[in-house]
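See structure below.
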Amino acid sequence: MPERTLPGSTDQFVLAERPALTLTDRYRPLPDGMDHTHLTVVPAHQVGTGDVVAAFFTDGPGTRYAEHVPEAFTAHPRPLGSCPQECEQCEDISTRGVAADRYVCLDPADEKTDCVVVFRNTPVAIVPADTATRFPPLHSTPPLADLFTLDDGEHGPYEALPAPRAFGPWQPISVSRATAEQIAADLPHTDAGRHLTCHWLHDTLLIASDPRLRTDPGRPGRLIQPDADGRYRIGGLWAWQEWSTPPCPDCSTATEPVDVEGERVWRCTAADCTRRTYGTDPDDDDDLPPYTETDPDGATIAYHGTGEIDIEATAELAAQDGPDEDDQDAE
């Protein structure tokens, strides 16, 4: 991993590769050919128009590691103040009454994101503008999808086009045909859709309510047709929830998905923690299916569903793997 220094600083800045896009690591890829080897480190007040901002860093002093931003962006630096969208970031700084010249805005707010505001001496990893012009533009890579769910994460996640910054949970989200089909299959089994049914009429999705609950009996339900891009705008019949991985109930570290006996559960990503969870009510975790793993010495370890070692089951497995008594007698 390349390291960089900053004039006037004794810190070492380590630039790791940008994480690959997964369900739990939401990082939009850089354009084809651009990677962490093209990054340099400058204080925020030296970031120029056209520079590509890719990462910030962990706290110092000493060795500081890159913390990549979910979506790299082209910088448009400007002094703090007169926010074009009156975003929450700028309002929060304003209410604290701090001196505006201590900060720099690297990119002003738009309809989807708040201003990117940092202290003026914050180390920033950038691809300089003259280097960035040698690669395809940032928008050449697919946009980072928003993830939505139903029933506190029990169903989904469903990928949708990025929603506006002022998005409300009752507004529609834009999804592909495959995602619309998944929503239609899941909806009748959710609390949010327990009185709804879904039917496909060629390329049109019909979402209908229980006839006994309709306020307008003459209407068949909500007809959702694909737009010019073949996408479906679904919403207004229930409240969408933004999807995120549940934290570990024991150490609050982020979790990652794993399927056990056909069930989606979440395991802690901390190296010294084996906790697993459904991610809803911790009391429900007592019903997690048990599992086994093999340690580096080849021994089989049995675990309760929550990740705690099952001592009795592990001992029984060890006895089964031991030498046969008849073989010992023969010897």
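Applying the side-chain hydrogen bond (donor to acceptor under 3.5 Å, both in side chains) test to residues at least two apart or on different chains, the pairs with a partner in residues 2-11 are D11-R64. For residues 299-312, no pair satisfies salt bridge (Lys or Arg N to Asp or Glu O under 4.0 Å), with sequence neighbours left out.
Looking only at side-chain heavy atoms (C-beta outward), T274 and I309 stay at 4.5 Å or farther from each other. A 4.5 Å side-chain heavy-atom check between E159 and V175 finds every atom pair outside the cut-off. In this structure, Y278 and T306 have side chains that are not in contact, with every pair of non-hydrogen atoms separated by 4.5 Å or more. Using a 4.5 Å cut-off on side-chain heavy atoms (C-beta onward), D250 and C268 make no contact. At least one side-chain heavy atom of D186 sits less than 4.5 Å from a side-chain heavy atom of Y158.
With hydrophobic clusters built from ILVMFWY side chains whose heavy atoms lie under 4.5 angstrom apart, F13 does not share a cluster with V47. Side-chain heavy atoms closer than 4.5 Å link hydrophobic residues (I, L, V, M, F, W, Y) into clusters, and following such links, even through other members, never connects V52 to V69. F73 and M34 fall into different hydrophobic clusters, where Ile, Leu, Val, Met, Phe, Trp and Tyr are joined by side-chain heavy atoms under 4.5 Å apart, directly or via other members. Linking Ile, Leu, Val, Met, Phe, Trp and Tyr residues whenever their side-chain heavy atoms come within less than 4.5 Å places W200 and I234 in a single cluster.
At distances below 3.5 Å, not a single donor-acceptor pair connects side-chain atoms of R120 with backbone N or O atoms of H45. Remark: side-chain polar atoms of T58 are paired, donor with acceptor, to backbone N or O of Y65 under 3.5 angstrom. The backbone N or O of C248 lies less than 3.5 Å from no partner atom in the side chain of T255, so there is not a single donor-acceptor pair. Under the 3.5 Å distance criterion, the side-chain polar atoms of D297 are left unmatched by any main-chain donor or acceptor of A299.
Ring centroids of Y103 and F119 are separated by less than 6.0 Å, placing the two rings close together. Annotation: Y303 is in aromatic contact with Y291 [ring centroid separation under 6.0 Å].
Checking D130 against T133 by side-chain atom types alone, no donor-acceptor pair falls below 3.5 Å.
Remark: R276 engages E293 in a salt bridge, criterion side-chain N to carboxylate O under 4.0 Å.
Atom CD of E242 is surrounded by 12 or fewer heavy atoms from other residues, nucleotides or ligands within 6.0 Å. No more than 12 heavy-atom neighbours from other residues, nucleotides or ligands sit within 6.0 angstrom of CG on D32. By the 6.0 Å contact criterion, CD on E91 is enclosed, its count of non-hydrogen atoms from other residues, nucleotides or ligands being greater than 12.
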Are R275 and D285 close enough, and set up right, to give a salt bridge (Lys or Arg N to Asp or Glu O under 4.0 Å), and what steps lead you there?
CA-CA 10 Å; R275 185 69 157 89; D285 293 344; 3.1 Å; yes

Using side chain to side chain contact (heavy atoms under 4.5 Å, CB included), reason through I173 and D146 one step at a time and then give a plain yes or no.
CA-CA 9 Å; I173 61 175; D146 284 344; over 6 Å; no

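Each of L39, V53, D51, L30 was checked for a side-chain contact (heavy atoms from CB on, under 4.5 Å) with V127, and the lone residue meeting it is L39. Checking each of R26, R28, K112 against E71 for a side-chain hydrogen bond (donor to acceptor under 3.5 Å, both in side chains) leaves exactly one that passes, namely R28. Residue I126 forms a side-chain contact (heavy atoms from CB on, under 4.5 Å) with just one option from V42, T131, V41, L106, and that option is V42.
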